[in-house]
Amino acid sequence: MRTNAVQIVANTISRTFGSTRALVDVSVTLDGGAIHALVGENGAGKSTLLKILGGAERPDAGVMTIDGAPYAPASLGEAVAHGVGLVFQEITINTSLTVAENILVGQLRRFRRGGLLTERAMARRAQELLDSFSADISVNRPLASLDLGQWKCIEIARALSTRPRAIFFDESTAFLNHREVDVVLTAMRALKSQGLAVAFVSHHLAEVGAIADRLTILKDGHKVGDFEAGELDREEIQSRMVGRDMSKGIYPPRGERADGPAVLSLHGVGAGPRLAPLSLTVRQGEIVGVAGLKGAGGERLLEVVAGVERIRSGEIRIGSHTGAARSPAEGWQKGVAYLPGDRTAEGAIVGASVLDNLVMARPPRRGPWFDRRRAGELASNMIARLRIKTASVRAPMTSLSGGNLQKVVLGKCLAAEPRLLLLNNPTRGVDVGARLEIYRSLRESAAKGLAILLVSEDLNELIGLSDRILVMRAGTVTAEIEDPSRATEDALIRHMT
Ligand SMILES: Nc1ncnc2c1ncn2[C@@H]1O[C@H](COP(=O)(O)OP(=O)(O)OP(=O)(O)O)[C@@H](O)[C@H]1O
């Protein structure tokens, strides 16, 4: 470590939200020139800690210092003034601005001359910032031509524009595919080599293993411990995160080969250039996985079956009914549950309670009336089944951590007792212990006859859970893998790219 490297110390930090103790006496030390990972189950307190360090939340108790001097930011702006930048999980790119404007959005005043922005100076500065961590992006590129990993790099460049000494990433790779993730991890390594203190939250222990020098494990708001890279193997980290033995892996055994009746049949179904005509059958009890990069067709396929997108050719059969759903609402009536990729924009009603979200797809009725008691039971059962961490069934969705929000959206789908379940990246941002519960729940539901079509960017999840995998590229199926237990990530990637 360099002698002049920054050191940020958080000492016995506590934070409570209502009755939830999000952090209890947690201490961490972040050093310049090192990458520090924060890991733990959903709701463990990782984001809260990062937000406190980055000025987005204030602690109830505890103190922080930077190089020994008191550090108590009351806002993101105050943290920036102390040399601390925060990159959020959500994409914060404004597509009506240019790359340079997105990067320098906080400093436009510096580039204004007589009411006009000096575009050339802005472009030069923005390019310098991108080049400073080898992002390989030209500021002249239109935003629409860049992928999500490159958008994240633009956000990193924005954070760097204030010349920070520390930069923190809150699950910044959660919505990225494996290629985009590599871009961000490379950027983080470059920041470390410049002497910045880098901290990040991630549920992907492969990422943690690849780049972290140190890690802190949190559980239920408490610190389990600090560890050096390589001190624990992946299973040991997982076991400490969830407080039980995880050495048996997280994927439940596959059942007998499903040979029941077809629940979903597609014959030559096409939907424009993003989905070339395709035929596919998903049987009762079967989990069919779809691999592919973003835009390869998997998402489009789900949208077509869910009734979000119209088909242009071919025929869809759901059970004995011919014809696609004309809307997701009609899909739900036909027993097709759909979990979209973006949980907050499409999947959840964020302003409503956990209970309302869990039962809204199929509200229990007594005669013509909403059965409140039954709804409460249903919601409580689902909370227990998926181990959703919430202060109560009536808590607002806004009080949940990211991964728990995702579990509620999935719980809504399962509570509707569909016969076909369409899943788009169901475990994004979900921790390993909860994944185990989710995979077990999906396998149990499949064993009872549920048919599942699973699109995922997590190739391990596809290999571990699917009975069969289709690989897609540019709207067409490039391979069908009959025995995923023998498949490897590399083999899938070869067919995807
Ligand atoms: N604004 C809030 N209001 C109420 N409760 C909150 C709020 N923010 C966080 N919490 C609660 O504090 C706990 C810790 O949340 P936090 O977001 O830090 O968890 P996390 O470890 O980042 O989880 P995830 O992996 O799911 O993102 C959770 O139980 C969460 O519900």
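Numbers for residues simply follow the sequence, beginning at 1. Because only heavy atoms are used, hydrogens play no part in the values below, and waters and symmetry mates are left out as well, while side chains stay in. Every number for a ligand or one of its atoms is a count from 1 in the order of the listing. This is a predicted model, so every value here is computed, not measured.
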- Item | Candidate with minimal heavy-atom separation from atom 30 (C) of ligand 1, of Ala434, Ser399, Ala22 | Ser399

- Message: I'd like the name of whichever of Glu57, Lys46, Gln406, Lys407 reaches closest to atom 21 (O) of ligand 1 through any heavy atom.
- Response: Lys46

Does a salt bridge link [X] with [Y], judged by any charged N lying under 4.0 Å from a carboxylate O?
X      : Y      : value
Asp31  : Lys192 : no
Lys407 : Glu437 : no
Glu236 : Arg240 : no
Arg443 : Asp467 : yes
Arg387 : Glu41  : yes
Lys46  : Asp170 : no

Taking only heavy atoms of [X] into account, list the atoms of ligand 1 that are under 4.0 Å away from them.
X      : answer
Ala44  : 19 (O), 20 (P), 21 (O)
Glu41  : 21 (O)
Gly402 : 26 (O), 27 (O)
His203 : 25 (O)

Protein heavy atom at shortest distance from [atom]:
atom                    : result
atom 14 (C) of ligand 1 : Gly43 O, 3.4 Å
atom 2 (C) of ligand 1  : Phe17 CD2, 3.5 Å
atom 27 (O) of ligand 1 : Glu171 OE2, 3.3 Å
atom 26 (O) of ligand 1 : Ser401 OG, 2.6 Å
atom 16 (P) of ligand 1 : Thr48 OG1, 3.5 Å
atom 24 (P) of ligand 1 : Asn42 ND2, 3.5 Å

- Message: To the nearest 0.5 Å, what is the distance between CZ on Arg365 and CZ on Phe370?
- Response: 8.0 Å

Taking both backbone and side-chain atoms of [X], is any N or O found less than 3.5 Å from an N or O belonging to ligand 1?
X      : answer
Gly40  : no
Gly403 : yes
Leu400 : no
Thr398 : no

- Query: Which heavy atom of Ile52 sits nearest a heavy atom of Arg58, and at what distance?
  - Reply: CG1-C, 4.2 Å

- Under 3.5 Å, is there a donor-acceptor pair between the Asp60 and Ser14 side chains? no

- Query: Between Arg254 and Ser485, is any side-chain donor less than 3.5 angstrom from a side-chain acceptor?
  - Reply: no

- Task: Begin from the C-alpha positions of Asn11 and Ser27 and carry the test side-chain hydrogen bond (donor to acceptor under 3.5 Å, both in side chains) through to its verdict.
- Result: CA-CA 4 Å; Asn11 201 356; Ser27 301; 3.3 Å; yes

- Item | Residue part near ligand 1, for Lys389, under 4.0 Å between non-hydrogen atoms | neither

- Query: Heavy-atom contacts under 4.0 Å between Thr20 and ligand 1: side chain, backbone, both, or neither?
  - Reply: side chain

